[in-house]
Structure formats: C-alpha cells, structure tokens
Amino acid sequence: MDNFVVENLGPIAKADVTFGDLTILTGPQASGKTLFLETFALKLDIEHIAYDFLKSNSIDNFDDFLDYYYGDNMHNIFQVNTVLTFNNDKISKKQFFEEIRNEIDTCIQEPLSSKVENVFPNILYIPAQRSSAVSEGRIKTSDDFINSPYVLVKFSQHLRYYIKGTQTEILSDKIKDFDFLKAAKINMRRNAGSPRLEMTVNSQTIPYMAWSTGQREFAPLLMVLDDFNLISVIDYIIIEEPELGLHPRAIIEFMFTVLKLMKNGVKVIISTHSSTPLDFVWTMNRLKHKGEKSFAALAEMFDFKIKDKNFFDGLFEKEIKVYYFAPDPKTRKVHSKDISSLDVESEDEDVSNWGGMSLSADRAGSIVSKF
C-alpha cells in the first residue's frame with residue numbers, strides 16, 4: 001500500500017495517509033483534502049502533467065508551473081519548509097521542483113512521442129467541480145477554462161474523448177443501477193453545432209439545463225468511469241464529493257459502483273462531506289467476520305440487486321481506510337487522523353463521531369433529551 005505524507009502545504013501542517021483499496025478522506029471545508037489529493041496525483045503523474053503543460057506553455061519559473069497545475073496564484077501553498085514523503089522517500093520543496101524541472105527538461109529535449117502519449121497516467125481524477133466542465137450541455141474545451149486547476153481541465157478532456165467515441169445514446173447500461181436515472185435515456189445531440197447532452201424521459205426531451213442538480217453532477221462522473229479501457233490500466237481513481245446533488249439513497253447506489261471498481265483491482269479514493277459512505281464502511285467493518293451471512297446482510301442492508309452470487313467474493317478482504325483532516329481549533333492548521341475503525345465506543349471523539357459526521361445527530365439527540 002502506498003503511503004503519502006504532506007507537511008506544511010497550504011493549511012496542512014501534516015497529513016499522513018496510507019492508501020487502502022478504498023480510502024475515504026473526510027473533514028470540514030478548506031481543510032486541505034483537495035490540495036493533498038492534487039499533490040499526490042502530481043507526484044505520481046509528473047511525467048504526464050509535464051507533457052501536458054508544455055503542449056501550451058513555456059516554462060519561465062516554477063511558480064508558472066504550480067499556477068498551471070493548482071490554479072491561478074496558488075503557487076504560494078508551497079512554503080520553504082514544505083516536505084513531501086512518498087513511501088519513505090522524503091522530498092523537500094527544492095528537490096520536488098528539481099524533479100519537476102527534470103521532467104520538463106526531458107520534454108523540451110525530446111519531442112512528444114507516440115509512446116508517451118499512449119501511456120496512461122496512474123490516476124484518474126474526478127474533481128468536485130466536474131459539473132462546470134459542461135456548459136448548457138456542451139463539453140467545454142481547454143480554451144473555456146481560465147486559471148482553472150489542471151484536474152478540472154483534464155477531466156473535461158476525458159469527457160470530450162468519451163463523447164467522440166460513443167454513439168448518440170450514452171450510458172445505456174450504466175444508468176440502470178441508479179433509481180433516479182432508470183426512466184431516462186441520456187443522449188448526445190449532434191445535428192446542430194457542438195454536440196450537446198440531453199435527456200429523454202417518457203418520450204419527452206429534457207435539455208441539460210432542466211436536469212436536476214444530481215443528474216447534472218452525476219452524469220459527467222459516470223461518463224468518465226464508463227471508459228473501461230482507461231480504468232483497466234490505472235492504479236487509482238480519485239472521486240471528490242460524489243454526494244453532490246444526490247439523495248442519500250443515490251449515494252448508496254454509487255457505493256455499489258465503488259465496489260465494482262474495487263473488484264476490478266482499482267484503488268478508489270473518495271473525499272466526502274457526507275456520512276453515507278462512512279455508514280457503508282462501518283457496515284462493512286461490522287460484517288467482515290460473519291462469514292457467508294455477511295454477503296447476504298450487506299446486500300439486504302443496501303438493497304443491492306445482485307444476480308452474481310460470487311460478487312462479494314474477496315471484497316471483505318479489501319483494505320478500507322478512513323482519515324479525518326482535523327483543523328486545530330486555535331491555529332486552524334490541519335493534521336490527519338486515522339479513524340478507520342469508526343468505533344462508536346472509542347474514547348477518541350474524532351473516531352467515535354466519525355470526524356464530526358455523526359456529531360449533528362448526537363448533538364440534536366443530546367439537546368432534545370434535556371427537555
């Protein structure tokens with residue numbers, strides 16, 4: 001299992017994460033989860049990102065590269081004492097910049113070869129801003145993004161590749177897993193101008209801007225995951241805030257998709273502000289040692305319609321990790337904490353209340369009990 005440690009980066013004082021087959025990061029907004037994941041992706045895919053950078057940029061200084069990757073004027077997140085550690089290999093800010101520069105120098109000296117362009121990156125990154133990659137049903141191009149993070153621009157590129165290789169109707173065999181999409185057909189209208197997404201429900205055509213928030217958030221995510229050729233060779237899929245716009249039931253349905261990815265040998269990383277993925281992990285933890293009964297219990301618990309009786313084979317042996325990105329109340333600096341046990345009886349409140357996820361319900365219950 002890969003271990004990645006970030007020290008003194010933006011709001012992060014120290015975040016130490018050992019990735020499992022499924023890794024969930026939780027914590028309040030602006031606690032550095034995205035910065036941590038973007039930096040992990042940069043470390044693993046420097047070669048590919050350097051090539052992408054030089055397709056449309058010249059390198060004057062490293063601040064330019066960091067602004068290209070993290071977004072405009074974001075280079076300041078790297079401090080003099082920033083340190084990255086990947087699998088016990090410690091890298092200072094200076095050493096990391098040298099590593100980036102070496103990759104860029106290689107790109108300058110050697111033309112982009114078909115070999116490099118055909119090598120898939122190690123990580124597929126699905127950002128929280130994914131719906132902004134689509135404008136009124138049209139997939140945006142790189143020129144539509146100004147000073148946006150690399151992971152968003154790259155996600156938009158994945159979407160454009162996907163629609164080029166698909167037929168008019170898309171996701172026909174994927175949306176059946178989701179109740180809120182079952183009655184719909186998602187189409188790509190190509191007969192006028194740029195191709196545009198539209199939906200058909202009961203023979204009624206619904207333009208993209210009339211879709212529900214959940215449908216607009218979720219369709220681009222499913223479109224990228226539908227690229228199975230890519231999924232079959234990458235190591236990690238990072239999915240930020242899969243719960244956006246979704247009812248809790250739909251989030252549970254999405255966790256079934258996560259199980260499928262894990263079955264295919266892909267490591268999945270999720271950042272979330274929803275307690276539902278943690279409910280799922282807690283259930284998996286509690287059922288792990290119940291033998292054959294655990295499979296039936298999990299299917300019943302989440303109402304999974306599973307035809308393959310062997311679907312759950314091996315899933316309970318998968319490693320699931322949960323980390324809380326906890327801001328210090330005084331300094332607001334963030335430290336990560338392993339709360340994978342999700343033990344509600346733990347004396348550590350961060351573990352027992354799941355990094356604050358169950359705190360609201362507990363607080364409401366405590367208040368009501370006083371009156």
Side-chain angles (χ1 to χ4, degrees), residues 34 37-38 40-42 44-57 68-71 112 114 116-175 181 186-188 190 194-197 208 211 215-242 244-245 254 257-258 260-261 264-271:
T34 292
L37 292 174
E38 286 179 327
F40 177 61
L42 176 57
L44 262 63
D45 282 330
I46 285 180
E47 176 186 17
H48 303 277
I49 295 166
Y51 270 86
D52 282 345
F53 174 77
L54 284 174
K55 288 178 184 177
S56 55
N57 298 273
Y68 161 81
Y69 183 73
Y70 291 100
L112 293 182
S114 59
V116 170
E117 289 191 321
N118 289 331
V119 173
F120 287 112
N122 296 294
I123 293 177
L124 172 63
Y125 201 121
I126 301 177
Q129 316 99 308
R130 53 188 168 272
S131 65
S132 64
V134 184
S135 176
E136 298 184 349
R138 178 183 65 85
I139 310 300
K140 290 183 179 179
T141 68
S142 299
D143 294 337
D144 292 316
F145 295 96
I146 300 176
N147 303 322
S148 297
Y150 170 86
V151 294
L152 175 58
V153 179
K154 192 68 174 178
F155 178 78
S156 175
Q157 186 183 84
H158 284 312
L159 286 177
R160 292 198 305 278
Y161 286 159
Y162 175 80
I163 64 172
K164 284 181 180 179
T166 191
Q167 302 299 317
T168 301
E169 184 178 343
I170 61 177
L171 298 174
S172 57
D173 60 340
K174 302 297 181 298
I175 60 178
L181 288 173
I186 299 177
N187 308 302
M188 183 61 64
R190 302 176 183 273
S194 300
R196 292 178 183 271
L197 288 168
Y208 179 79
W211 294 13
Q215 290 167 340
R216 291 200 303 269
E217 291 283 353
F218 204 54
L221 186 158
L222 284 183
M223 288 164 65
V224 170
L225 288 183
D226 195 31
D227 192 343
F228 285 105
N229 289 329
L230 180 60
I231 290 173
S232 66
V233 296
I234 62 173
D235 296 324
Y236 289 94
I237 294 177
I238 294 174
I239 307 172
E240 292 189 320
E241 301 180 38
L244 290 174
F254 172 72
T257 298
V258 171
K260 290 181 179 179
L261 294 171
N264 288 339
V266 179
K267 295 181 178 67
V268 182
I269 306 171
I270 293 173
S271 68

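Because only heavy atoms are used, hydrogens play no part in the values below, and waters and symmetry mates are left out as well, while side chains stay in.
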Practice prompt. Apply side chain to side chain contact (heavy atoms under 4.5 Å, CB included) to Ile234 and Ile123, showing your working.
Written response: CA-CA 6 Å; Ile234 62 173; Ile123 293 177; over 6 Å; no
Worksheet item: Are side-chain heavy atoms of Leu197 and Arg216 found at a separation under 4.5 Å?
Response: no
Response to the item:
Closest non-hydrogen atoms of Leu152 and Ser132, given as atom of the first, atom of the second and distance, are CD2-OG, 3.6 Å
Discussion item. Just so I know, are the side chains of Leu225 and Ile237 near enough to count as touching, which here means a heavy-atom distance under 4.5 Å?
Written reply: yes
Item to complete: Evaluate the side chain to side chain contact (heavy atoms under 4.5 Å, CB included) criterion for residues Arg130 and Leu159: first the C-alpha distance (whole Å), next the side-chain angles of each, then the deciding distance (0.1 Å), finally the verdict.
Response: CA-CA 10 Å; Arg130 53 188 168 272; Leu159 286 177; over 6 Å; no
Discussion item. How long is the straight-line distance from OH of Tyr208 back to CZ of Arg196, given to the nearest 0.5 Å?
Written reply: 11.5 Å
Worksheet entry | From CA spacing to verdict: side-chain hydrogen bond (donor to acceptor under 3.5 Å, both in side chains), Tyr236, Asn122 | CA-CA 6 Å; Tyr236 289 94; Asn122 296 294; over 6 Å; no
Fill in: Side-chain donor/acceptor of Tyr69 to backbone N/O of Phe53, under 3.5 Å
no
Worksheet item: To the nearest 0.5 Å, how far apart are NE2 in His158 and CZ in Arg160?
Response: 10.5 Å
Worksheet item: Of the non-hydrogen atoms in Pro121 and Asp45, which two are nearest, and what is the gap between them?
Response: CB-OD2, 3.4 Å
Discussion item. I need the Ile269 CD1 to Ile238 CD1 distance, nearest 0.5 Å.
Written reply: 4.5 Å
Worksheet entry | Shortest non-hydrogen separation from Ala133 to Ser156 and the atoms involved | CB-CB, 3.9 Å
Practice prompt. Could you check if a side-chain atom of Pro195 sits within less than 4.5 angstrom of a side-chain atom of Ile139, using non-hydrogen atoms only?
Written response: no
Listed pairs under 3.5 Å, donor-acceptor, residues 143-151 side chains, sequence neighbours left out:
residue: Asp144; atom: OD2; partner: Arg138; partner atom: NH1; Å: 3.2
residue: Asp144; atom: OD2; partner: Thr141; partner atom: N; Å: 2.8
residue: Asp144; atom: OD2; partner: Thr141; partner atom: OG1; Å: 3.3
residue: Tyr150; atom: OH; partner: Asp52; partner atom: OD2; Å: 2.6

Worksheet, complete the sentence: CD1 of Ile170 to CG of Leu222, rounded to nearest 0.5 Å, is 9.5 Å
Worksheet item: In Å and rounded to the nearest 0.5 Å, what is the CG to CD distance from Leu244 to Gln129?
Response: 9.5 Å
Practice prompt. With the side chain counted from C-beta on, respond yes when Leu42 and Ile49 share a heavy-atom pair under 4.5 Å apart, and no when they do not.
Written response: yes
Worksheet item: Which distance, rounded to the nearest 0.5 Å, do you find between the CG of Leu124 and the CZ of Phe155?
Response: 8.0 Å
Worksheet item: For Glu240, which residues count as a side chain to side chain donor-acceptor pair (under 3.5 Å) partner, sequence neighbours excluded?
Response: Thr34, Tyr125
Item to complete: Compare every heavy atom of Ser131 with every heavy atom of Glu217, then report the nearest pair and how far apart it is.
Response: OE2-OG, 3.3 Å
